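These notes are about the structure you will find just below.
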Amino acid sequence: MSTTAHSRRDFLACAAKAAALGVSGTAGLSGAPAFATTLSQSPAITADAGVIPYGAAARSDALLSDPSYRAAIVANCQMIVPESEMKWLELHPTRGEYSFGKADAIMDFARQNKIEVRGHTLAWYGAMPTWTEAIADRAEAERELVDHIGTVVSRYRGAIPSWDVINEPLADWPDGESLFRPSVWATRLGPDYLDIALRETAAADPDARLVLNEYDVEFKGPRFAARRKALIGLLRSLRDRDVPLHAVGLQAHLFADRRIDRDGLQELLAEFAALGLDVLVTELDVIDYRLPGKIGERDALVARIAGQFLQSVCDVVRPKAILTWGLSDRYTWVPTYFKRPDGMANRPLPFDADLKRKPLFDVIEQFRRKAL
Ligand code: XIL
């Protein structure tokens, strides 16, 4: 489907139609566009002045099929980030063809409920369609990356104020030889892919905040220290080349069997500040597969670990937002990769699978409201 820059009116009409189309055969509530909620008349959460906004990764299928989840998102989130709907695999499944139905439906839901949307993500190694494996050289890689970013970002211009432009650029254990995680972009374009992606996003939406998002920089240990060092070097090189960047996203997938490196983290945050970069906590959850099974004890440990992390961060900087990678244990990526050996369900998120609030949400609320 070729796309041109939609005016906002066109976009919203398109999103409503896409939302309805996106659910072929399933009428939205009372015939309204698919993601309309009975709560859409409820006042959106007012963004309390001085309180750090909270949000969560959201899934379009669950927003459509699960009214209690939809209501919990509306009741608790000031922002959402599509968990998969804005990745290449969903948006750009075949060369030259874009598919915006699910992304537009999430945008429509968010608009109706006055919830902000973060864009995720424009340049990553993951969730890439197989056709991109055939990208053969530098010129082709640049052409496809620029076309994707220009098409996607201009479609949502003015509706997505913050984009994870670059996601997880660093190698697992970066060293002199291999700083970058292998991807079609790093392979074909080298470090220039970051410049190209960030400059193209800025050109497509000059008002969007551009974010570089990374994980495994929160903990004690040589690999994590190497990642922090490499991240600082990368950010400085972008600054030296005048590449536009506004913030760093700390994903904060907190492994319960690792120790938070308070000093290391605070040195990193000081470097961000020295570079004039804001900070967001973008994907907070606690990977609990090695914690004791007993639920009360485990939930308390999860909250404590998140509290240690948020204390380390909020003692030195005020994150622009705190998002968890999902709202409820009912929909979490964690068991896909970190199943518990005892077979019990993971409990990484602020609300349990029955949408009951957990101590982790209390901790997030505490830090959202903590004056710096
Ligand atoms: C994850 C999704 O949650 C999973 O459903 C998918 O199978 C893999 O990707 N860091 C990121 C996210 O930036 O995009 C990843 O999302 C989780 C790790």
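For clarity, every value in this text was computed on a predicted model and none was experimentally measured. Atoms within each ligand, like the ligands themselves, are counted from 1 in listed order.
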Does any donor atom in the side chain of [X] or [Y] lie under 3.5 Å from an acceptor atom in the other side chain?
X      : Y      : answer
Asp61  : Tyr331 : no
Glu218 : Gln251 : no
Asp147 : Tyr98  : yes

Q: Could you tell me whether Arg304 atom CZ has more than 12 heavy atoms of other residues or ligands within 6.0 Å of it?
A: no
(Q) For the CZ atom on Arg259, are there more than 12 heavy atoms of other groups (residues, nucleotides or ligands in this structure) within a distance under 6.0 Å? (A) no
Please tabulate, line by line, the atom pairs linking an N/O of ligand 1 to a protein N/O at a distance below 3.5 Å, with the distance in Å to 0.1, or answer 'none'.
{"unit_1": "ligand 1", "atom_1": "3 (O)", "unit_2": "Glu83", "atom_2": "OE2", "d": "2.5"}
{"unit_1": "ligand 1", "atom_1": "3 (O)", "unit_2": "Trp325", "atom_2": "NE1", "d": "2.8"}
{"unit_1": "ligand 1", "atom_1": "5 (O)", "unit_2": "Glu83", "atom_2": "OE2", "d": "3.4"}
{"unit_1": "ligand 1", "atom_1": "7 (O)", "unit_2": "Tyr337", "atom_2": "OH", "d": "3.4"}
{"unit_1": "ligand 1", "atom_1": "9 (O)", "unit_2": "Lys87", "atom_2": "NZ", "d": "3.3"}
{"unit_1": "ligand 1", "atom_1": "10 (N)", "unit_2": "Glu168", "atom_2": "OE2", "d": "2.9"}
{"unit_1": "ligand 1", "atom_1": "10 (N)", "unit_2": "Gln251", "atom_2": "OE1", "d": "3.3"}
{"unit_1": "ligand 1", "atom_1": "10 (N)", "unit_2": "Glu283", "atom_2": "OE1", "d": "2.9"}
{"unit_1": "ligand 1", "atom_1": "13 (O)", "unit_2": "His120", "atom_2": "NE2", "d": "3.3"}
{"unit_1": "ligand 1", "atom_1": "13 (O)", "unit_2": "Asn167", "atom_2": "ND2", "d": "2.8"}
{"unit_1": "ligand 1", "atom_1": "13 (O)", "unit_2": "Gln251", "atom_2": "NE2", "d": "3.3"}
{"unit_1": "ligand 1", "atom_1": "13 (O)", "unit_2": "Glu283", "atom_2": "OE1", "d": "3.3"}
{"unit_1": "ligand 1", "atom_1": "13 (O)", "unit_2": "Glu283", "atom_2": "OE2", "d": "2.8"}
{"unit_1": "ligand 1", "atom_1": "14 (O)", "unit_2": "Lys87", "atom_2": "NZ", "d": "2.7"}
{"unit_1": "ligand 1", "atom_1": "14 (O)", "unit_2": "His120", "atom_2": "NE2", "d": "2.7"}
{"unit_1": "ligand 1", "atom_1": "16 (O)", "unit_2": "Lys87", "atom_2": "NZ", "d": "3.2"}
{"unit_1": "ligand 1", "atom_1": "16 (O)", "unit_2": "Trp325", "atom_2": "NE1", "d": "3.3"}

Q. Looking at Trp88, Trp325, Trp163, which one forms a ring-ring contact (aromatic ring centres under 6.0 Å, His included) with His120?
A. Trp325
